[in-house]
J.: 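First the structure, which I've put down as structure tokens, then a few questions once you've had a look.
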Amino acid sequence: MKKKAAIPANNRRYWLFKSEPSAFGIETLAKAAQQTAPWDGVRNYQARNFLRDDVSVGDYVFFYHSREEPLGIFGTMEVVRAGYPDHTAFDPKSKYYDAKSDPDNPRWIMVDVKLMQKFDSPITREQLQQEPTTAGMLVLKRGMRLSIQPVTTAEWQAVMKLVK
DNA sequence: GCCAACGTTGGC
DNA sequence: GCCAACGTTGGC
């Protein structure tokens with residue numbers, strides 16, 4: 001286990017959210033009204049628990065593109081609304097529909113994010129692997145499927161140093 | 001497009 | 001409550 005990073009004075013936490021750009025990429029967010037959108041469709045309990053219990057307004061988030069080259073971090077977002085029920089689970093027409101999510105006791109949670117910075121060029125997996133600090137990031141671990149991941153302060157700062 | 005790794009489901 | 005079978009994720 002890694003040592004826990006000290007909690008910054010302002011209490012901000014850092015995260016990495018993963019998405020397939022064919023479904024929802026950084027361009028989608030850039031074009032949204034106020035460059036703000038709900039991060040919906042999370043259907044994994046561990047990720048849901050982070051959204052419900054830990055992700056807070058003012059936290060900073062890396063936007064990571066999976067599945068499609070180039071793989072990597074494309075920009076940063078700020079959390080502008082804390083966890084609330086993911087209503088796509090109640091909509092039978094939604095691809096995220098879940099009949100077992102009861103509106104009176106919602107199973108799935110989403111947060112709203114606002115684009116902060118779209119990088120001129122993404123920080124690729126290869127770059128992350130080459131930097132000692134970022135090489136330990138969860139997203140690089142084999143078999144890591146979690147779509148909402150905590151990022152340490154040191155990792156955040158190390159990634160931002162790579163941004164041109 | 002392949003397939004290893006993973007999370008979930010369901011029979012027992 | 002175990003664990004095999006299944007469906008999905010996501011790097012390669």
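Note that this is a predicted model, so its numbers are computed, not measured.
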J.: Within this structure, what is the CD-to-P distance between A/Glu20 and C/dT8, rounded to whole angstrom?
T.: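 Going from CD in A/Glu20 over to P in C/dT8 covers 12 Å.
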
J.: Rounded off to whole Å, could you give me the CD-to-C1' distance for the A/Gln46 and C/dT9 pair?
T.: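 Rounding to the nearest Å, CD of A/Gln46 and C1' of C/dT9 are 15 Å apart.
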
J.: Tell me which residues in residues 142-151 of chain A put a heavy atom below 4.0 Å from DNA chain B, sorted by number, or none.
T.: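 By residue number: A/Arg142, A/Gly143, A/Arg145.
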
J.: NA contact type, A/Lys141, heavy-atom cut-off 4.0 Å: base, sugar-phosphate, or nothing?
T.: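 The answer is nothing, as A/Lys141 stays clear of every strand by at least 4.0 Å.
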
J.: Rounded to whole angstroms, how far apart are CH2 on A/Trp108 and P on B/dG7?
T.: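 The answer, rounded to whole Å, is 13 Å.
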
J.: Tell me: CG of A/Asn44 to P of C/dT9, nearest whole Å?
T.: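 Distance check: A/Asn44 CG to C/dT9 P gives 10 Å.
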
J.: Rounded to the nearest angstrom, tell me the gap between atom CD in A/Glu69 and atom P in B/dG1.
T.: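 A/Glu69 atom CD is separated from B/dG1 atom P by 15 Å.
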
J.: Before accepting this row, confirm whether a basic side-chain N of the pair A/Arg43/A/Asp86 lies closer than 4.0 Å to the acidic partner's carboxylate O.
T.: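 So A/Arg43 pairs with A/Asp86 through a salt bridge.
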
J.: Once the angle between the rings of A/Phe74 and A/His65 is folded into 0 to 90°, is it parallel (under 30°), tilted (30 to 60°) or perpendicular (over 60°)?
T.: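 If you compare the ring of A/Phe74 with that of A/His65, the planes turn out parallel.
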
J.: Measure the acute angle between the ring planes of A/Trp39 and A/Phe24, then classify it against the limits of 30° and 60° as parallel, tilted or perpendicular.
T.: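 The arrangement is perpendicular - the two ring planes meet at more than 60°.
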
J.: To the nearest angstrom, how far is A/Arg43 atom CZ from C/dT8 atom P?
T.: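 Nearest whole value for this atom pair: 14 Å.
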
J.: According to the ring pair (Phe, Tyr, Trp, His ring centres under 6.0 Å) rule, which pairs have a member within residues 101-125 of chain A, sequence neighbours left out?
T.: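 Sorted pair list: A/Tyr45-A/Trp108.
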
J.: Over all heavy atoms of both residues, which pair between A/Gln34 and A/Thr36 is shortest? Give the atoms and the distance, please.
T.: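 Scanning both residues, the minimum pair turns out to be O-OG1, 2.8 Å.
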
J.: If I take atom OH in residue A/Tyr45 and atom C1' in nucleotide B/dT9, what distance separates them, rounded to the nearest angstrom?
T.: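 Atom OH in A/Tyr45 sits about 11 Å away from atom C1' in B/dT9.
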
J.: Between atom CD in A/Glu68 and atom P in B/dG1, what is the gap in whole Å?
T.: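 Going from A/Glu68 (CD) to B/dG1 (P), I get 13 Å.
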
J.: Counting only heavy atoms not in A/Asp120, do more than 12 sit closer than 6.0 Å to its CG atom?
T.: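 Count not over threshold, so no.
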
